[in-house]
Amino acid sequence: MTGHRRRIYPSRVPMLSVVLLSSMLLAGCATSGSAPNQANHEAADAYTQLGVAYLERGNLVRALSALERALEIDSRNAEALQALALVYQQQSENELASQYFQQAVQSAPSFTRARNNYAAFLYQQGHYNAACEQLETASQDAQYTNRAQLFTNLGQCYLAVDKIEEARKRLQRAVSIDPRGPRGYLLLAELEVSQGNYGQAWEPLQSYLQLAGQDPVALEMAVDIAHARGDHAAAANYQRLLNID
């Protein structure tokens with residue numbers, strides 16, 4: 001609208017939180033000939049689960065010790081490799097974190113959770129194209145529980161490299177998979193506002209407000225969008241809510 005100052009809303013929503021919980025299933029009974037190897041796998045899995053438990057509690061020293069023990073038993077245990085990467089990431093040992101994330105996805109290419117966590121790490125480091133590549137691969141896993149969040153992350157990744165149409169498609173895919181996930185709607189609204197598409201931004205923003213509540217970022221955006229659409233009464237209502245908060 002004439003006289004309205006167009007604002008850019010850099011996303012304040014972080015990448016998907018790292019998923020720490022182990023989803024390993026110990027193998028069933030083994031034949032006598034494979035018993036020693038089976039015992040090693042179970043021991044490595046047990047140490048890995050212990051390490052993840054320590055990591056979740058923030059005890060990085062004990063997590064590191066348990067995960068290193070797991071990898072002494074089974075150097076290709078992908079769960080232990082990616083958990084160790086997360087430990088090093090929290091310790092700001094970024095080269096080691098990158099090394100172990102790479103080993104995890106190389107050891108188990110279908111380990112979608114590790115790819116997601118690796119992508120989050122890459123994004124945090126500013127390696128947006130590399131993060132997008134990992135998420136594109138991860139998004140092909142149709143059985144992954146958090147697939148909608150993967151597409152949301154992928155949309156945010158494409159926004160970071162100014163691939164607007166790719167971002168829009170991934171975010172629309174995210175909300176179609178999980179219409180109850182608020183984050184995708186907020187990012188869609190931010191995308192459309194950044195392009196001056198205030199009409200297209202209104203509906204996803206309303207969905208976000210209904211699902212997530214009236215946080216200041218969304219309310220500020222609602223005020224600006226309402227003014228841009230000429231709905232100054234709605235803008236005033238949202239401004240009042242913003243002032244109350």
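Each residue takes its place number in the sequence, starting with 1.
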For Val193 and Met221, what are the C-alpha separation, side-chain angles and deciding distance, and is it a side-chain contact (heavy atoms from CB on, under 4.5 Å)? CA-CA 8 Å; Val193 169; Met221 196 184 307; 4.1 Å; yes

Drop me the distance from [X]'s [atom1] to [Y]'s [atom2], to the nearest 0.5 angstrom.
X      : Y      : atom1 : atom2 : answer
Leu219 : Arg240 : CG    : CZ    : 12.5 Å
Leu81  : Leu71  : CG    : CG    : 5.0 Å
Asn94  : Gln99  : CG    : CD    : 12.5 Å
Ile73  : His41  : CD1   : NE2   : 11.0 Å
Lys163 : Leu154 : NZ    : CG    : 10.0 Å
Asn153 : Ser139 : CG    : OG    : 11.0 Å

Would you check if [X] and [Y] make a side-chain contact, meaning some heavy-atom pair closer than 4.5 Å?
X      : Y      : answer
Arg147 : Asp141 : no
Asp178 : Phe151 : no
Leu150 : Thr112 : yes

Report yes or no: do [X] and [Y] form a side-chain donor-acceptor pair below 3.5 Å?
X      : Y      : answer
Gln124 : Gln89  : yes
Asn243 : Gln239 : yes
Glu42  : Gln38  : yes
Arg183 : Gln156 : yes
Tyr144 : Asn116 : no
Ser98  : Gln102 : yes

List the steps and the verdict of salt bridge (Lys or Arg N to Asp or Glu O under 4.0 Å) for Arg170 and Glu136. CA-CA 10 Å; Arg170 300 316 188 275; Glu136 276 288 7; 2.6 Å; yes

Is there a donor-acceptor contact under 3.5 Å from the side chain of [X] to the main chain of [Y]?
X      : Y      : result
Ser107 : Arg76  : yes
Asn197 : Gln200 : no
Thr48  : Ala44  : yes
Arg168 : Leu188 : no

Identify every side-chain donor-acceptor pair in residues 58-68 under 3.5 Å, counting partners at least two apart or on other chains, and give the distances.
from  : atom 1 : to    : atom 2 : distance (Å)
Asn59 : OD1    : Arg62 : N      : 3.2

Would you find more than 12 non-hydrogen atoms of other residues, nucleotides or ligands less than 6.0 Å from [X] atom [atom1]?
X      : atom1 : answer
Glu95  : CD    : no
Glu203 : CD    : no
Tyr88  : OH    : yes

For side-chain contact (heavy atoms from CB on, under 4.5 Å), just list the numbers for Gln195 and Ile164, CA-CA rounded to whole Å, side-chain angles, deciding distance to a tenth of an Å, and then say yes or no. CA-CA 9 Å; Gln195 301 303 299; Ile164 301 302; 3.6 Å; yes

Could you pull out the closest heavy-atom pair between [X] and [Y], with the gap in Å?
X      : Y      : answer
Leu209 : Ala218 : CD2-CB, 3.5 Å
Ala226 : Ala235 : CB-N, 3.5 Å
Ala97  : Phe121 : CB-CE1, 3.8 Å
Leu191 : Ala167 : CD1-CB, 3.7 Å
Pro182 : Leu211 : CB-CB, 4.0 Å
Arg115 : Ala138 : CB-CB, 4.1 Å

Do the two ring centres, one from Phe101 and one from Tyr118, sit under 6.0 Å apart?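 Yes, the ring of Phe101 comes within the 6.0 Å limit of the ring of Tyr118, centre to centre.
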
Is there a chain of hydrophobic side chains (I, L, V, M, F, W, Y, each step under 4.5 Å between heavy atoms) that links [X] to [Y]?
X      : Y      : answer
Tyr185 : Leu241 : yes
Leu96  : Leu122 : yes
Leu242 : Tyr208 : yes
Tyr47  : Phe111 : no

Please enumerate all residues that pass ring-ring contact (aromatic ring centres under 6.0 Å, His included) together with Tyr54, with sequence neighbours excluded.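 For Tyr54 there are no ring-ring contact (aromatic ring centres under 6.0 Å, His included) partners, ignoring immediate neighbours.
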
Can you classify the ring geometry of His232 versus His227 as parallel (below 30°), tilted (30 to 60°) or perpendicular (above 60°)? tilted

Checking side-chain contact (heavy atoms from CB on, under 4.5 Å) for the pair Arg113/Glu79: CA distance, chi angles, key distance, verdict? CA-CA 9 Å; Arg113 178 157 45 86; Glu79 189 83 44; 3.0 Å; yes

Chi angles and distances behind the side-chain contact (heavy atoms from CB on, under 4.5 Å) call for Arg229, Trp202: CA-CA 9 Å; Arg229 299 172 74 229; Trp202 189 249; 3.4 Å; yes

